[in-house]
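See below for the structure under consideration.
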2 protein chains.
Amino acid sequence: MNVTRNDVARLAGVSSATVSYVINNGPRPVAEHTRQKVLRAIDQLGYNPSTIARSLKTKKSTTIGVVVSDILNPVFSALAKGIEDVMLERNYNLILCNSDENPERELRYLRMLVGKQVDGIVITPTGKNLNFLLHTVAANNCPIVLIDRKIEGLPTDCVTFDNEMGAYQATRHLIELGHRRIALLNLPSTLTPGHERLFGYERALREADLPRDPNLVVEGSFKADEAYRLAEIILNSPEPPTALLVSSNRLLAGVLNYTKQHCIPIPQKLALVGFDDVPYYAYTSPSITAVSTDLKHMGTVIGRLLEQHITNFDKDYIPQNIRVPSKLIVRESTIGSPAGS
Amino acid sequence: MNVTRNDVARLAGVSSATVSYVINNGPRPVAEHTRQKVLRAIDQLGYNPSTIARSLKTKKSTTIGVVVSDILNPVFSALAKGIEDVMLERNYNLILCNSDENPERELRYLRMLVGKQVDGIVITPTGKNLNFLLHTVAANNCPIVLIDRKIEGLPTDCVTFDNEMGAYQATRHLIELGHRRIALLNLPSTLTPGHERLFGYERALREADLPRDPNLVVEGSFKADEAYRLAEIILNSPEPPTALLVSSNRLLAGVLNYTKQHCIPIPQKLALVGFDDVPYYAYTSPSITAVSTDLKHMGTVIGRLLEQHITNFDKDYIPQNIRVPSKLIVRESTIGSPAGS
DNA sequence: ATGAAAGCGCTAACAT
DNA sequence: ATGTTAGCGCTTTCAT
């Protein structure tokens, strides 16, 4: 920027302080006549205030950092959109970072964000870098909202899916359809979503007095190609399941690849329930029954929580745990296609 | 941040300048012994340099702004990922902004980005705010890379899909399959991608001596629900087409909804070709034939172009126009399902 | 109602 | 090889 506030002051024939008060609408009143002069000068010079200089002074950057584990996952795009919608009203920007589930990359980004003096951080934590996160909250008055994964020992807000309930509902749905052998292709159970979904699944089985067959529970990573192999293993076992619950849209992609290539009719031979309802689930053939969450709304919740936390940061703030409910959307992959294809 | 560079200097028993030279690895050499002392002090205090203060001094923010028209569109997520991968190596951050195809929102974001002194901007322009964009390039030494849409009169780099060729290939493919009545559900032809695709489509028809029936070309916006209605109109016309070329993944979503609800067999009754190859095209039933571009690579190209432009900004730089080639991926929606379903 | 000036944390030119 | 210091553009306290 070449035009500075001093240029504006000079042109308007006022002091630079007055220009500030005009721009910020305070904290000191400015005579209407003076105001007009200043505004005209700003306009004439095409002046844009330097947020950087302001931030240096105020220690606020009106920027928040969002660190997600996979920017390509539509779940995170949808959340980011929700967060952005809330933040734009307050003139905040989002710095979007993609940790790729890599703790080193995560740490690097966190350092960058702190250096940029972000006013808050939203993160799907890898689970590492706890020290840094703790230190950040304590030392920098930089509120943090965890999404998707709760981490013990971090006194921060946390917004999660109701994983246990989601898995429970999905499993019950399959049981009610008469399935006896229901498999679960799960996320790593080292992370909260993974083990919560496992719990929900097991609870539904237990309540229905169905045996818990360890061969029916398989854990994958986040990669679709791994899901392909795991689907192969599950479906070729001596006693294959008649239904499969798949714990993420990425894993489901791998499973669909497999069932498609091997012409496994869905739901006749295998009923399928997905998690992370994403748009295309609705218009594929068959369409996919899924545990669905209103992601944009969840993003809004996250944004609001963070914003509120930023504006009144308080030493004895009590971290909140918000569980966003999910509901089962029943489609053709479990109840058969009314349309055929 | 509470710990400043002065605290570090004091603890290490050196001047603050020396701390700078250690942190930045120059521009002045520092004795190894001193270096170690400084590094130890940094570590001990948990010091993080303030990027904000540095930016104020250097006029560089090591941040770029990315303004896309729809963050929920996987095309843009993929591009953003490619850009980010390039920028991370140079320690740049991405501020991601979602204009939602709204010129006012776009302008607001552009102002914010300039205020934050971003070092460069990547944008899918709405087509408005030309003055601001021009002014920004000229006045702020802030290079701009346009993506997807070329704007006349803006002397900036521009990276686009090879829309004409893509549409041409797709249309040819359908012609070779024997289709005579091929419809085009297009983006607004006021934007470059729209009219280039129209050109490609028309060229293929012309070369095959097929008549150009205006009823077969329909323009939509970007919304899936509008596409649903348009699909209805096209397919219920007196002489319905036997093949349909759909100009974006969002529009295709609407079309698939329609064909699904009305049990229109694909490709038997209607052959379908999409644009913007996105992952799910491959594993739906039927899978979708599409004009495909390597988006991550395209993101890399964009990132590199911008980065190079940032590091040697030059008054007589000649803006580059890069056209990223696309290729047709033939799947079941045009050639029939080998797998059935 | 307005002006003058200190200072935010850093970089780099000018010192030694 | 290292220290000193001006100044980036802003906000805000202290003046008037």
Side-chain angles (χ1 to χ4, degrees), chain A residues 1-38 41-42 45-63 112 114-119 139-141, chain B residues 1-39 41-42 45-63 91 112 114-119 139-141:
Chain A
M1 209 56 199
N2 292 316
V3 184
T4 83
R5 194 208 37 182
N6 271 315
D7 302 326
V8 175
R10 205 171 310 121
L11 179 61
V14 300
S15 80
S16 58
T18 303
V19 179
S20 265
Y21 299 131
V22 170
I23 289 173
N24 301 334
N25 273 320
R28 190 198 267 182
V30 176
E32 186 52 28
H33 176 66
T34 318
R35 237 178 72 83
Q36 291 305 329
K37 272 196 306 190
V38 171
I42 288 176
L45 296 173
Y47 167 72
N48 251 296
S50 159
T51 322
I52 298 244
R54 170 187 283 150
S55 296
L56 181 59
K57 188 70 189 173
T58 61
K59 309 264 168 263
K60 305 197 77 277
S61 58
T62 52
T63 304
M112 287 170 94
V114 170
K116 282 199 157 54
Q117 221 105 244
V118 292
D119 299 330
N140 291 37
N141 289 4
Chain B
M1 208 57 197
N2 291 315
V3 183
T4 84
R5 193 206 40 181
N6 271 315
D7 302 326
V8 175
R10 204 171 311 122
L11 179 61
V14 300
S15 80
S16 58
T18 303
V19 178
S20 266
Y21 299 131
V22 170
I23 288 171
N24 301 335
N25 274 320
R28 188 199 268 184
V30 176
E32 187 52 29
H33 176 65
T34 319
R35 237 179 71 83
Q36 290 307 329
K37 271 196 305 189
V38 171
L39 290 177
I42 288 175
L45 296 174
Y47 168 71
N48 251 297
S50 159
T51 322
I52 298 241
R54 170 187 283 149
S55 296
L56 180 60
K57 186 71 189 171
T58 61
K59 309 261 167 262
K60 306 197 74 279
S61 59
T62 53
T63 303
N91 282 316
M112 286 170 95
V114 170
K116 282 200 157 54
Q117 221 103 245
V118 291
D119 299 331
N140 290 40
N141 287 4

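Everything numeric in this text was worked out from a predicted model, so none of it was measured. Chain letters run A, B, ... following the sequence lines, proteins first, then strands; residues in each count from 1.
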Atom [atom1] of [X] to atom [atom2] of [N]: distance rounded to whole Å?
{"X": "B:I52", "N": "C:dG9", "atom1": "CD1", "atom2": "C1'", "answer": "10 Å"}
{"X": "A:I23", "N": "D:dT12", "atom1": "CD1", "atom2": "C1'", "answer": "14 Å"}
{"X": "A:I42", "N": "D:dC10", "atom1": "CD1", "atom2": "C1'", "answer": "13 Å"}
{"X": "B:R10", "N": "C:dG9", "atom1": "CZ", "atom2": "P", "answer": "11 Å"}
{"X": "B:D7", "N": "C:dC10", "atom1": "CG", "atom2": "P", "answer": "9 Å"}
{"X": "A:K59", "N": "C:dG9", "atom1": "NZ", "atom2": "P", "answer": "4 Å"}
{"X": "B:R54", "N": "C:dC8", "atom1": "CZ", "atom2": "P", "answer": "19 Å"}
{"X": "B:L45", "N": "C:dG9", "atom1": "CG", "atom2": "P", "answer": "14 Å"}

query = With a non-hydrogen cut-off below 4.0 angstrom, is B:T18 in contact with a base, only sugar-phosphate, or nothing?
reply = sugar-phosphate
query = What is the nucleic acid contact for B:G115, judged by heavy atoms within less than 4.0 Å: base, sugar-phosphate only, or nothing?
reply =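 The residue B:G115 makes no contact with any strand.
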query = Does A:S16 have any side chain to side chain donor-acceptor pair (under 3.5 Å) partners at least two apart in sequence or in another chain, and if so, which?
reply = A:R5
inquiry  = Which residues pass the side chain to side chain donor-acceptor pair (under 3.5 Å) test with B:T58, not counting sequence neighbours?
reply    =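 Side chain to side chain donor-acceptor pair (under 3.5 Å) check on B:T58 returns nothing, list empty.
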Minimal non-hydrogen separation, B:T18 against B:T34, with atom names = CG2-CG2, 3.9 Å
ask   = Pick the nucleotide of DNA chain D nearest each of B:E32 and B:T58; which residue has the one closer to the 5' end?
value = B:E32
ask   = Do B:K57 and D:dG7 have a side chain to base donor-acceptor pair shorter than 3.5 Å?
value =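 Donor-acceptor pair under 3.5 Å: yes.
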Write down the protein N/O and nucleotide N/O pairs, taken from nucleotides 13-16 of chain C, whose separation is under 3.5 Å; answer none if there are no such pairs.
{"unit_1": "C:dA13", "atom_1": "N6", "unit_2": "B:Y21", "atom_2": "OH", "d": "3.3"}
{"unit_1": "C:dC14", "atom_1": "N4", "unit_2": "B:R28", "atom_2": "NH2", "d": "2.8"}

task = For B:T63 and B:K116, run side chain to side chain donor-acceptor pair (under 3.5 Å): C-alpha distance rounded to whole Å, both residues' side-chain angles, the deciding distance at 0.1 Å, then the answer.
result = CA-CA 9 Å; B:T63 303; B:K116 282 200 157 54; over 6 Å; no
request  = State which of C:dA12, D:dG9, C:dT2 makes the closest approach to the side chain of B:P27.
outcome  =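 Nearest nucleotide to the side chain: C:dA12.
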request  = Measure from the side chain of A:A53, starting at C-beta and using heavy atoms only, and say which of C:dT2, D:dC10, C:dC10 lies closest.
outcome  =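 When the side chain of A:A53 is considered, D:dC10 is the closest of C:dT2, D:dC10, C:dC10.
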key: Listed partners of A:I52 passing side-chain contact (heavy atoms from CB on, under 4.5 Å), at least two apart   =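 Scan of A:I52 (side-chain contact (heavy atoms from CB on, under 4.5 Å), adjacent residues dropped) gives A:S50, B:I52, B:S55, B:L56, B:S61, B:Q117.
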key: Set of side-chain contact (heavy atoms from CB on, under 4.5 Å) partners for A:R35, sequence neighbours left out   = A:V22, A:N25, A:V30, A:E32, A:L39
ask   = Counting only side-chain N and O atoms of B:T34, is one of them less than 4.0 Å from OP1 or OP2 of D:dT2?
value =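 Checking D:dT2 against B:T34, a side-chain N or O does come within under 4.0 Å of OP1 or OP2.
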ask   = Taking for each residue the nucleotide of DNA chain C bearing the nearest heavy atom, is the 5' side occupied by A:S16 or by A:A31?
value = A:A31
remark   = salt bridge (Lys or Arg N to Asp or Glu O under 4.0 Å) filter on A:K60, not counting sequence neighbours, yields A:D119
